[in-house]
There are 2 protein chains.
Amino acid sequence: MAVTIKDVAKLANVAPSTVSRVIANNPRISEKTKQKVREAMDQLGYHPNFIARSLANQSTRVLGLVLPGSASTFSQNPFFPTVLRGLSEGAHEKQYALQMTTGQSEEEIFEGVVQMVQGGRVDGIILLYSKVEDKVMNYLKARSFPFVVVGKPYKYSEEITHVDNDNFRAAKEVTNYLLGLGHECIGFIGGNLNLVVTVERLLGYEKALRDAGHDLKDEYIIHEEFLREGGREAINELMQLGHPPTALVVADDLMALGVLNTLDEMDISVPEDISIISFNNVLLAEMSRPPLTSVDINIFNLGNEAAKSLIQKLENPNDPIKRIIIPHEIVKRASCSKREVDHKEETEA
Amino acid sequence: MAVTIKDVAKLANVAPSTVSRVIANNPRISEKTKQKVREAMDQLGYHPNFIARSLANQSTRVLGLVLPGSASTFSQNPFFPTVLRGLSEGAHEKQYALQMTTGQSEEEIFEGVVQMVQGGRVDGIILLYSKVEDKVMNYLKARSFPFVVVGKPYKYSEEITHVDNDNFRAAKEVTNYLLGLGHECIGFIGGNLNLVVTVERLLGYEKALRDAGHDLKDEYIIHEEFLREGGREAINELMQLGHPPTALVVADDLMALGVLNTLDEMDISVPEDISIISFNNVLLAEMSRPPLTSVDINIFNLGNEAAKSLIQKLENPNDPIKRIIIPHEIVKRASCSKREVDHKEETEA
DNA sequence: GTGAAAGCGCTAACAG
DNA sequence: CTGTTAGCGCTTTCAC
């Protein structure tokens, strides 16, 4: 059995409660006994037992993470290792530990969350995705269990602390950027429409086009999973069109990579024939050919702020609801170029 | 305050211990009282408190995960989301939860592990990397705290349960595959030599060449971080050689992607001018151009077996040490082709 | 400034 | 088959 507070107390000739106070650095303990106790702790190699402490305190100093269902390819996205690092650093700074749950089905995930929450395993929860009509979120909200979401909650977003990018604005910006390059036919390839982020990016794209006085063409908008095959089919359909787009807004780097390949197979070159801009700016964005112009959404900070704000909330229960917007930035690489007005149109003009 | 075992006991008119037994599904309780108790639990919405249970049992049913330092780009590898899924499923099946730690420096990671271990937060640990001379591993081993490693331990590999691929053999196989395609000048681009996996793959490569009667050329072997820039420099050096390789074994898909790009910039085509084979077969391997021939190491299973074997070990403390080898498989795509014997050599022969 | 004692919620002998 | 009791290791009143 490990060394306990009692062992320390005995060695230091004090009561267990005194040792406890020394651990908490209670100011009412004299420096002298503190010294004595600390020596005893060192000598015995004492480490406080978190479990016991949690039970006594009714608080675990553990944050629960909910990852999206493993079914979705989304979960294979290099996005996650990076949020995790951000989360981890944010949590460690304040001496919180991280526990995670995920599952194959929605039901499994939900069960996992219930275990964490009702089982008292965690003090708060961080949702690493935001879906339309999410059972988990509803549950947490109904119990008013402390949680924050990474992304924008589908509903009640003013009542839920969340950290997100302004995806709507970012999508508007990239679309405007493309418009500014002279493109008039701009397509959108998005991921799963159940994810709020997809919706936001789509809306931003549409807004930019409308503001610029362009019609929205349904044929230009394609939704698929964040996947290669998705990208492939989508792009095929698009390019069959009478008037295929000359630029594409793609909701995710990984998907853009798929698009890039299909285009290459079809002998369409980027950016000469078609420009592409995507989101997230993960490592592979700079490793693709051509390197992708991509919106850096600051994934690390997304995680980091999520951890911090949850902790803040835990230590300050009646803090107001917060919406934290992490800035984004378009990282220009080589996948976009000015629209070359083609011969036919030129003569028409 | 949440509903406790006592509340249930009161409502069901039994002793708390009886309720506890019902939870554990103790066979010595009559079906009748079990029914009664269960009803009371439902009625009150009772959920056992894991913390209290952990304290009483001296066991948390939590597995601790140690991720590699966030400093390394390795940690951005899409490898991780996939192991995590495997781990998670393995753990959930047996009702274990997952807690994770990581850090920026080796020291920080070490501290995190100590917290988990000495703080009694976890029952066992899974190391998600294997480094040469790892402080964490030494610590765990010295304390004989239950742990398994994903990868091959640098030392004492017969004394440590681990789940790994046979990377040595896999590397031999890919090298032989390349030899079989007629390549005689085969280079190796590896990652950080502190990682055991890099070493193993390098050794396998060397062995294959030696077995085939080829000399090892130091200039053909390059080590860099698993990174784009790494790939770029490495490939530049290689291709400057008088007799540049006609095939490359690359230790990681992500790195191979970088290599592919640099080659493209240099107007060297794959696989016509040079063949490339890499490891891991993550999603992007099939999305690169050309799609990469890559060794599928079955990442999901790596994680899954790791979780299972740790749990097995926890529930069966004097189980023997195990070495679990996850099978690999070369997935042939389009980055390798037969060596085209060039004109000059042909006339020379 | 420090000690004694109760209790966090659950489990596990030991009785009966 | 079920109840009683004593902890698990720590925190926290309440005394002194």
Side-chain angles (χ1 to χ4, degrees), chain A residues 1-38 40-41 44-62 95 97 115-123, chain B residues 1-38 40-41 44-62 95 97 115-123:
Chain A
M1 188 89 341
V3 22
T4 80
I5 214 172
K6 281 188 188 170
D7 303 319
V8 177
K10 211 170 291 169
L11 182 63
N13 262 314
V14 295
S17 50
T18 302
V19 178
S20 174
R21 291 188 182 103
V22 173
I23 295 170
N25 201 15
N26 187 320
R28 305 192 325 194
I29 301 289
S30 72
E31 272 312 317
K32 205 171 128 208
T33 44
K34 276 189 185 171
Q35 251 353 88
K36 199 170 53 174
V37 170
R38 294 211 174 100
M41 301 205 299
L44 297 175
Y46 171 78
H47 275 258
N49 180 318
F50 281 102
I51 302 299
R53 177 181 287 191
S54 299
L55 185 58
N57 282 336
Q58 301 289 72
S59 131
T60 59
R61 284 190 98 81
V62 177
Q95 329 264 41
Q115 294 288 317
M116 283 186 159
V117 172
Q118 319 244 23
R121 281 196 198 269
V122 301
D123 291 347
Chain B
M1 187 92 340
V3 24
T4 80
I5 214 172
K6 280 187 187 167
D7 303 319
V8 177
K10 211 169 292 170
L11 182 62
N13 262 313
V14 295
S17 52
T18 302
V19 178
S20 175
R21 290 186 183 105
V22 173
I23 295 170
N25 201 14
N26 187 319
R28 304 190 327 192
I29 300 289
S30 73
E31 271 314 316
K32 206 171 126 207
T33 43
K34 275 189 187 173
Q35 248 357 83
K36 198 172 54 177
V37 170
R38 292 209 175 102
M41 300 205 303
L44 297 175
Y46 171 77
H47 274 257
N49 180 318
F50 282 102
I51 301 299
R53 178 183 286 191
S54 299
L55 185 58
N57 281 338
Q58 302 288 70
S59 131
T60 58
R61 284 191 98 80
V62 177
Q95 328 263 42
Q115 293 288 319
M116 284 187 158
V117 172
Q118 319 245 23
R121 281 197 198 265
V122 301
D123 290 348

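In what follows, chains are A, B, ... by sequence order, proteins preceding strands, each numbered from 1. All values below come from the heavy atoms of this structure, side chains included, with hydrogens, waters and symmetry mates left out.
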**Q** Just to verify, what does A/Q115 make a side chain to side chain donor-acceptor pair (under 3.5 Å) with, not counting sequence neighbours?
**A** none
**Q** According to salt bridge (charged side-chain N to carboxylate O under 4.0 Å, His left out), who are the partners of B/R61, at least two apart in sequence or on a separate chain?
**A**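 For B/R61, the residues satisfying salt bridge (charged side-chain N to carboxylate O under 4.0 Å, His left out) (neighbours in sequence not counted) are B/E315.
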**Q** What is the distance, to the nearest angstrom, from the CZ atom on B/F50 to the C1' atom on D/dC8?
**A**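 One finds 18 Å between C1' of D/dC8 and CZ of B/F50, rounded.
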**Q** Are B/R53 and C/dT11 close enough that a side-chain N or O sits under 4.0 Å from OP1 or OP2?
**A**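 Answer is yes, contact under 4.0 Å.
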**Q** Take atom CD1 of A/I51 and atom C1' of C/dC10, then tell me their distance rounded to the nearest Å.
**A** 13 Å
**Q** Under 4.0 Å, counting only non-hydrogen atoms across every strand here, what does A/Y46 touch: a base, just sugar-phosphate, or nothing?
**A** sugar-phosphate
**Q** Which residues pass the side chain to side chain contact (heavy atoms under 4.5 Å, CB included) test with B/N49, sequence neighbours left out?
**A**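 For B/N49, the residues satisfying side chain to side chain contact (heavy atoms under 4.5 Å, CB included) (neighbours in sequence not counted) are B/I51, B/A52.
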**Q** For the side chain of A/N26 and the backbone of A/R28, is there at least one donor-acceptor N/O pair under 3.5 Å apart?
**A**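 Confirmed, A/N26 side chain pairs with A/R28 backbone.
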**Q** Report the residues that fulfil side chain to side chain contact (heavy atoms under 4.5 Å, CB included) with A/A9, sequence neighbours left out, ordered by chain and then residue number.
**A** A/V14, A/P16, A/V19
**Q** It should be established whether A/Q58 places a side-chain nitrogen or oxygen under 4.0 Å from OP1 or OP2 of nucleotide C/dG7.
**A** no
**Q** Check whether any side-chain nitrogen or oxygen of A/N57 sits under 4.0 Å from OP1 or OP2 of D/dC10, and answer yes or no.
**A** no
**Q** Measure CG/A/D7 against C1'/D/dC10 and give the value in whole Å, please.
**A** 13 Å
**Q** Could you work out, with side chain to side chain contact (heavy atoms under 4.5 Å, CB included) as the rule, every residue matching A/A40, not counting sequence neighbours?
**A**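 Once residues adjacent in sequence are excluded, the partners of A/A40 under the side chain to side chain contact (heavy atoms under 4.5 Å, CB included) criterion are A/V8, A/L11, A/A12.
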**Q** For B/T33 and B/L55, take the nucleotide of DNA chain D holding the closest heavy atom to each; which residue's nucleotide lies nearer the 5' end?
**A**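 Between the two, 5'-proximity favours B/T33.
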**Q** Round to the nearest Å and state the distance from B/K6 atom NZ to C/dT11 atom C1'.
**A**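 For the pair B/K6 NZ and C/dT11 C1', the rounded distance is 13 Å.
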**Q** Taking only residues two or more places apart in sequence, or in another chain, which ones meet A/T60 in a side chain to side chain donor-acceptor pair (under 3.5 Å)?
**A**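 Partners of A/T60 by the side chain to side chain donor-acceptor pair (under 3.5 Å) criterion, ordered by chain and then number, come out as A/D123.
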**Q** Classify the nucleic acid contact of B/S54 as base, sugar-phosphate or nothing, counting any heavy atom under 4.0 Å across all strands shown.
**A**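 Nothing, no nucleic acid heavy atom in range.
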**Q** Could you tell me which residues satisfy side chain to side chain contact (heavy atoms under 4.5 Å, CB included) with B/T33, sequence neighbours excluded, listed by chain and number?
**A**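 Scan of B/T33 (side chain to side chain contact (heavy atoms under 4.5 Å, CB included), adjacent residues dropped) gives B/I29, B/S30, B/K36.
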**Q** Between B/R121 (CZ) and D/dC10 (P), how many Å, whole number?
**A**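 Going from CZ in B/R121 over to P in D/dC10 covers 13 Å.
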**Q** Give the angle between the helix axes at the two ends of the helix from C/dG1-D/dC16 to C/dG16-D/dC1, taking five base pairs at each end and rounding to 10°.
**A**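 One end axis against the other gives 40°.
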**Q** Expected output is a numbered-order residue list: members of residues 11-31 of chain A with a heavy atom under 4.0 Å from any atom of DNA chain C. What is it?
**A** A/N13, A/V14, A/A15, A/S17, A/T18, A/R21, A/R28, A/I29, A/S30
**Q** Please state how far atom CD1 in B/I5 lies from atom P in C/dG7, giving the value in whole angstrom units.
**A** 18 Å
**Q** Using whole Å, what does the distance between atom P of nucleotide D/dT4 and atom NZ of B/K10 come to?
**A** 13 Å
**Q** Please state how far atom CG in B/N49 lies from atom C1' in D/dG9, giving the value in whole angstrom units.
**A**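 Computing the B/N49:CG to D/dG9:C1' distance gives 15 Å.
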**Q** Measuring only between side-chain heavy atoms, which start at C-beta, is A/R121 closer than 4.5 Å to A/V62?
**A** no
